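Below: the structure, in structure tokens.
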Amino acid sequence: VPEIGCLSIIVLGASGDLAKKKTFPALFHLYCQGFLPPNEVHIFGYARTKISDDELRNRIRGYLVSERSASPSKDVSKFLQLIKYVSGSYDAAEGFQMLDKEISKHETSKNSLEGSSRRLFYLALPPSVYPSVCRMIRRYCMNKSNLGGWTRIVVEKPFGRDLGSAEELSSQIGELFDEPQIYRIDHYLGKELVQNLLVLRFANRFFLPLWNRDNIDNVQIVFREDFGTEGRGGYFDEYGIIRDIIQNHLLQVLCLVAMEKPVSLKPEHIRDEKVKVLQSVLPIKDEEVVLGQYEGYRDDPTVPDHSNTPTFATVILRIHNERWEGVPFILKAGKALNSRKAEIRVQFKDVPGDIFKCKKQGRNEFVIRLQPSEAMYMKLMVKQPGLEMSTVQSELDLSYRQRYQGVTIPEAYERLILDTIRGDQQHFVRRDELKAAWEIFTPLLHRIDNGEMNPIPYQAGSRGPAEADELLEKAGYVQTHGY
Ligand code: BG6
């Protein structure tokens with residue numbers, strides 16, 4: 001049932017990169033599709049910089065229109081008119097009192113709708129200020145309507161640096177807001193082919209009997225970027241590729257690939273199963289990790305000269321349960337590599353009693369390409385068309401662009417923000433899930449931070465360190481050709 005009444009979306013950190021590049025464009029697309037009706041919705045930007053409403057609007061304007069939404073400029077102007085700006089610090093009452101006054105003004109003016117008031121606070125901010133900002137919101141900016149409604153907060157990763165700091169952050173926020181009010185974004189959970197994983201696994205009879213250690217040899221979850229940390233060196237160096245990509249984005253994908261069937265599609269049922277997978281992961285072994293750092297990374301003036309932060313990592317996770325015992329889950333992520341791609345590769349075991357002697361041509365493999373160009377394809381053996389009885393590897397290919405021509409795939413942030421408005425937490429990380437994710441990586445991260453493990457240099461634009469390919473081979477992965 002759609003809720004009626006006014007909705008205030010407050011973007012804190014409104015002049016920062018995340019807000020400009022992701023949050024406001026996502027809101028704009030939702031607006032264009034009618035999800036943010038102008039007679040109900042008002043958007044507030046909040047940040048320290050002292051600028052006017054128009055200055056903020058001008059800063060955002062250029063980011064709103066992308067190739068996928070050639071919206072007319074009249075939509076842009078109308079959307080921008082919904083945005084007001086309030087400046088203030090992140091830890092003092094004054095700014096937040098002012099913000100509350102502005103929100104209330106908007107709510108009063110819309111009260112003709114006689115509905116509840118809904119307040120969504122989007123923290124496009126570094127986590128160091130989450131506790132103080134949450135305290136200020138709690139104290140000054142909560143929904144006060146006696147007609148119902150809610151106050152929700154949306155937080156972005158990184159949620160801490162390790163288990164201890166993440167738990168501390170969770171407790172600080174947890175004292176101020178209840179779990180159903182907290183939306184921890186991992187934008188990979190908003191990607192079309194990540195959301196498709198549950199359907200794929202549990203709505204297809206094909207996969208049900210095959211998805212286990214008897215048939216699957218190894219699983220790879222890969223993230224590659226063909227650019228370095230340009231402009232973000234300062235942030236990145238503090239975190240590194242494991243905290244930036246693997247502990248969150250790739251691990252979330254792993255959960256959806258490996259989890260058991262949930263009791264239902266209720267968010268709590270799904271998240272319960274994800275937590276179980278995480279809790280079944282065995283401690284990571286040093287010999288199943290390869291770290292890399294691209295040459296030239298330290299030339300960035302914001303990166304310390306002797307930084308040992310990895311910009312590349314391959315880490316093997318082993319899930320200790322009945323379904324997955326013995327199957328390596330290879331998580332691989334790197335910056336400044338030879339291509340930009342995110343994909344899941346499920347490689348099946350060899351056919352027993354191979355009468356065609358075709359083992360060398362490759363194995364069955366099921367590939368889910370998350371981006372770019374969403375696709376799923378199965379590599380399989382077929383008879384080479386022609387007079388001879390020989391085999392060749394080919395593909396059954398479901399390429400979204402061809403199959404769903406004319407369908408626009410929503411941006412992850414767009415979908416996730418809509419979920420926060422609707423109150424659907426399925427695609428958000430629950431507190432115990434976050435804790436379990438940090439438990440897996442914290443010992444390894446501490447060893448890296450203490451200089452006990454060092455990254456191997458690799459050339460920018462390459463495949464990453466050769467040692468990573470060797471590790472893959474050792475884990476049982478057989479390189480196949482073609483796509
Ligand atoms: C972010 C990371 O979470 O994800 C970035 O901080 C990375 O380093 C980005 O570039 C990748 O997102 P996407 O959607 O382009 O794969």
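Counting starts at 1 for both ligands and their atoms, in listed order. Since the model is a prediction, treat every value here as computed from it, not as a measurement.
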Relative to the heavy atoms of Lys335, which atoms of ligand 1 are at a distance of less than 4.0 Å? 5 (C), 7 (C), 8 (O), 10 (O)
I need the atoms of ligand 1 closer than 4.0 Å to a non-hydrogen atom of Asp244, numbered in the order shown. 2 (C), 5 (C), 6 (O), 8 (O)
Below 4.0 angstrom from a heavy atom of Arg340, which ligand 1 atoms are there? Numbered from 1 as shown, please. 15 (O)
Which residue holds the protein heavy atom closest to atom 10 (O) of ligand 1, what is that atom called, and what is the gap in Å? Glu225 OE2, 2.5 Å
Classify the side-chain pair Arg363/Gln347 by whether it contains a donor and acceptor separated by less than 3.5 Å. yes
Hey, would you say the Tyr63 and Phe24 ring centroids sit under 6.0 Å apart? no
Shortest protein heavy-atom distance from atom 16 (O) of ligand 1, along with the residue and atom involved: Tyr188 OH, 2.4 Å
Would you mind listing which atoms of ligand 1 come within a distance below 4.0 Å of any non-hydrogen atom of Lys191? 13 (P), 14 (O), 16 (O)
If the contact criterion is a heavy-atom separation under 4.0 Å, does Phe236 count as touching ligand 1? no
Should one rank Glu156, Arg232, Lys22, His187 by closest heavy-atom distance to atom 13 (P) of ligand 1, which comes out on top? His187
Would Arg161 count as a cation-pi partner of Tyr239, with NZ or CZ less than 6.0 Å from the six-membered ring centre and within 45° of the ring normal? yes
Is Lys157 positioned over the aromatic face of Phe159, cation under 6.0 angstrom from the ring centre and no more than 45 degrees off axis? no
For Lys157, the ligand 1 atoms whose distance to one of its heavy atoms is below 4.0 Å: 1 (C), 2 (C), 3 (O), 6 (O)
Does one side chain, of Tyr85 or Ser15, offer a donor that lies under 3.5 Å from an acceptor on the other? no
Test applied, ring pair (Phe, Tyr, Trp, His ring centres under 6.0 Å); reference residue, Phe366; option that passes from Phe207, Tyr377, Phe348: Phe207
Could you point out which residue of Glu168, Glu175, Met136, Gln172 forms a side chain to side chain contact (heavy atoms under 4.5 Å, CB included) with Pro131? Gln172
